2 protein chains.
Amino acid sequence: MAGGERRRQILRLAVRLFSQRGFRGTTTKEIALAAGVSEAMVFRHFATKEELYSAIIDHKACSGDERDPYQLVAEAIARKDDRAVFEQLALDALTQNECDPDFQRLLLHSALEDHKLAQMFWEKFVRRVYAFLGDYIRQRQRDGAMIQIEPLVVVRAFVGMVIHHSLNNNLWDRKRRLLKISNQDAAREFTDILLRGVTTTNRRNGLSKKATGKNSRKKSSR
Amino acid sequence: MAGGERRRQILRLAVRLFSQRGFRGTTTKEIALAAGVSEAMVFRHFATKEELYSAIIDHKACSGDERDPYQLVAEAIARKDDRAVFEQLALDALTQNECDPDFQRLLLHSALEDHKLAQMFWEKFVRRVYAFLGDYIRQRQRDGAMIQIEPLVVVRAFVGMVIHHSLNNNLWDRKRRLLKISNQDAAREFTDILLRGVTTTNRRNGLSKKATGKNSRKKSSR
DNA sequence: GTCTATAAATAGATAGAC
DNA sequence: GTCTATCTATTTATAGAC
């Protein structure tokens, strides 16, 4: 097998194992075995285990650039479509974490060990989401469209719903799932909750139509 | 030092180290050093490293019994005080995770490695919270006090806000903190968002008084 | 109870043949 | 490029003196 291809193969298996068992919890022997090569091959392509980890970081951090939130919700923000802004953002995060569950696990391991990946993700992504969503909310407050509340609290609340839901799906997968719901539905529901609230008090209910909405809302359950 | 006391001391240090670096990331030598004893002492009290981990699990799982949510919010549920139910629950979780940050980290490590602690916590605690909060929401829906929405989605959303906020505080502590806010304020804000929503649309604003509430809401910021 | 010394297993990493 | 064999350091765990 050609050098580049083998390298990528080892990298791929290493990602999976690191994401499942953490950096220190994974041995180079296991990686070699999973990749179907000898340990010596691993060290031929990556001088040290640390370098292997770094290569993963670089690869993931690089692909992380593509997940630029500005791009995706820019138009929604431009036309001040609150629903689209939040729903799009949520759906993007949920989809991404579903397609590449390893990344979230890797990130979590990294955060627990205070490794580079988590720090980079924090700086390059999280900070920006908080900044531009915060700005957007501030803008909408000036418009009188949103109540006076610290914008970052709103961001934290919404990101919390979405990421925590993702995390639950990734960590407690399959059997133990408490809440079965499609990403589309989840993104919509979380956006609904954030934007319109749950209670019906002090409100002329334009919400009742939601209950008869497009598809079964009662079906999804434990 | 007496046997029982030394044992507890080793256990305490082991908890801290395991929570910081994970099970495999922590060596018995480090634990011994941190506890100020020789490695042999560690193995005198705990036959294997695994047994040390199990002892931690048992200890933590046991203390987990005390965090029975029923007890704390029972009266609030009885008098159908939505605000108190959610705010109390949130404040309890935030306080607990702040006082004992090791537990959340330990739990996360455990969840990533699919270890016993996470499974037990899931069965003994998470499941129950979802069940009884879900029941409560269903009840309030029958009362006409809450909109028709899958109750478990609401639980997931609220738990998400609270736990994600805790997690952020624990993992990204100190310098990198994006959102500085007291637990009391956070519990109140999250409850506000969940129960009353963020937008002012279709609503006679009984919310404006909130803006001038007890203490500075604008002060808390990045 | 506590230590030093050490065994036994495993980890990361290298040498050198093919 | 790939393997087997091996080295070295670390890690878990034990022995035995005090």
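It should be emphasised that the depicted structure is a prediction, and the values quoted were computed from it without experimental measurement.
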(message) Are there over 12 heavy-atom neighbours, none belonging to R16(B), within less than 6.0 Å of that residue's CZ?
(response)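 Open: at most 12 neighbouring heavy atoms sit under 6.0 Å from CZ of R16(B).
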Rounding to a whole Å, what distance do you find between [X]:[atom1] and [N]:[atom2]?
| X | N | atom1 | atom2 | answer |
| --- | --- | --- | --- | --- |
| I10(B) | dG1(C) | CD1 | P | 11 Å |
| E51(B) | dT14(D) | CD | P | 11 Å |
| L17(A) | dA11(C) | CG | P | 13 Å |

(request) Would you indicate which nucleotide in dC3(D), dT11(D), dT2(C) comes nearest to any side-chain atom of T27(B)? (result)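 That would be dT11(D).
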(request) Tell me which nucleotide among dC3(C), dA13(C), dT4(D) gets nearest to the side chain of A40(B). (result)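 Closest nucleotide among those given: dC3(C).
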Are [X] and [N] close enough that a side-chain N or O sits under 4.0 Å from OP1 or OP2?
| X | N | value |
| --- | --- | --- |
| R24(A) | dT11(D) | yes |
| R7(B) | dG1(C) | no |
| K49(A) | dG12(C) | yes |

(request) Classify the nucleic acid contact of R6(B) as base, sugar-phosphate or nothing, counting any heavy atom under 4.0 Å across all strands shown. (result)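 Touches sugar-phosphate only.
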(message) Does E98(A) form a side chain to side chain donor-acceptor pair (under 3.5 Å) with N183(A)? I'd like the steps, not just the answer.
(response) CA-CA 9 Å; E98(A) 187 174 50; N183(A) 288 340; 2.8 Å; yes
(message) With a 4.5 Å cut-off on side-chain heavy atoms, are L52(A) and F23(A) touching?
(response)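 Heavy-atom side-chain distance check fails, nothing below 4.5 Å.
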(request) May I ask you to check whether F158(A) and F190(A) place their ring centers less than 6.0 Å from one another? (result)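 So the answer is no for these two rings.
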